[in-house]
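A quick write-up on the structure given underneath.
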Amino acid sequence: MSGRAAQEGLRMDIICNGYPEVQVSKVKFVDIQREIGGLMNGLLEEGFTHMLINNYWARGVATVVRQDEETCNWLSGNVQNLRAWEA
């Protein structure tokens with residue numbers, strides 16, 4: 001048994017085109033975190049707050065843990081537009 005408690009939530013992996021040969025670097029992971037935070041700060045919708053529980057990087061994959069399906073759909077629709085993917 002692992003010493004790490006499992007977190008509840010929905011997980012979404014963010015990978016590069018060409019994975020596993022092309023992987024998300026630690027530097028790009030930080031960029032992705034920053035960009036997702038910026039997206040969340042820029043939300044204009046009232047009455048709904050997208051909930052991200054956690055995010056982590058392992059084996060070239062950025063994983064985001066979300067609270068609900070609505071947040072999953074929102075993030076899935078926005079992740080390909082992150083400036084973190086540029087150059």
Side-chain angles (χ1 to χ4, degrees):
M1 175 178 252
S2 171
R4 183 175 164 199
Q7 290 182 316
E8 292 191 26
L10 303 169
R11 284 164 177 69
M12 182 175 85
D13 291 334
I14 301 172
I15 60 173
C16 294
N17 289 332
Y19 182 83
E21 290 79 20
V22 180
Q23 299 188 359
V24 174
S25 68
K26 289 181 183 180
V27 171
K28 282 293 182 191
F29 174 64
V30 172
D31 292 342
I32 291 167
Q33 289 177 300
R34 187 176 302 119
E35 288 289 318
I36 290 173
L39 285 173
M40 294 187 72
N41 288 338
L43 290 175
L44 300 176
E45 297 176 4
E46 292 185 25
F48 176 73
T49 302
H50 298 293
M51 296 295 295
L52 300 178
I53 298 170
N54 194 8
N55 53 68
Y56 54 91
W57 176 90
R59 297 184 197 109
V61 176
T63 300
V64 181
V65 183
R66 295 119 24 239
Q67 180 176 339
D68 53 40
E69 193 66 33
E70 192 168 359
T71 301
C72 176
N73 294 337
W74 169 80
L75 186 56
S76 294
N78 284 286
V79 75
Q80 69 269 12
N81 299 321
L82 297 178
R83 287 186 309 247
W85 297 121
E86 297 174 5

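Under the side-chain contact (heavy atoms from CB on, under 4.5 Å) criterion, Asn73 pairs with Glu69, sequence neighbours left out. Not counting sequence neighbours, Gln23 has no partner by the side chain to side chain donor-acceptor pair (under 3.5 Å) test.
Within the 4.5 Å cutoff, the side chain of Val65 has no heavy atoms near those of the Leu10 side chain. Residues Leu52 and Ile36 have side chains in contact (heavy-atom distance under 4.5 Å, counting atoms from C-beta outward). Annotation: side chain of Leu39 is in contact with side chain of Trp74 (closest heavy-atom distance under 4.5 Å).
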For this session: Verify side-chain contact (heavy atoms from CB on, under 4.5 Å) between Val61 and Val24, making sure each step is shown before the conclusion.
Result: CA-CA 6 Å; Val61 176; Val24 174; over 6 Å; no

For this session: Determine, step by step, whether Arg34 and Phe29 satisfy the side-chain contact (heavy atoms from CB on, under 4.5 Å) criterion, reporting the C-alpha distance in whole Å, the side-chain angles of both residues, the deciding distance to 0.1 Å, and the verdict.
Result: CA-CA 9 Å; Arg34 187 176 302 119; Phe29 174 64; over 6 Å; no

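The main-chain N or O of Gln67 is never found under 3.5 Å from a side-chain atom of Thr71 such that the two would form a donor-acceptor pair. A donor-acceptor pair under 3.5 Å links the side-chain atoms of Arg66 to the main chain of Arg11, judged by distance alone.
Remark: Asn78 CG to Glu35 CD distance equals 11.0 Å, nearest 0.5 Å. One distance of note links NZ of Lys28 with CD of Gln33; it measures 13.5 Å at 0.5 Å rounding. Here the OG-CE distance, from Ser76 to Met12, works out to 4.5 Å after rounding to the nearest 0.5 Å. One distance of note links OG of Ser25 with CG of Asp31; it measures 7.5 Å at 0.5 Å rounding.
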Name each donor-acceptor pair under 3.5 Å that joins a side chain in residues 13-22 to protein atoms two or more places apart or in another chain, with its distance.
{"unit_1": "Asp13", "atom_1": "OD1", "unit_2": "Thr63", "atom_2": "OG1", "d": "2.7"}
{"unit_1": "Tyr19", "atom_1": "OH", "unit_2": "Arg59", "atom_2": "O", "d": "3.4"}

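Taking hydrophobic clusters as Ile, Leu, Val, Met, Phe, Trp and Tyr residues chained together by side-chain heavy-atom distances below 4.5 Å, Ile53 shares a cluster with Tyr56.
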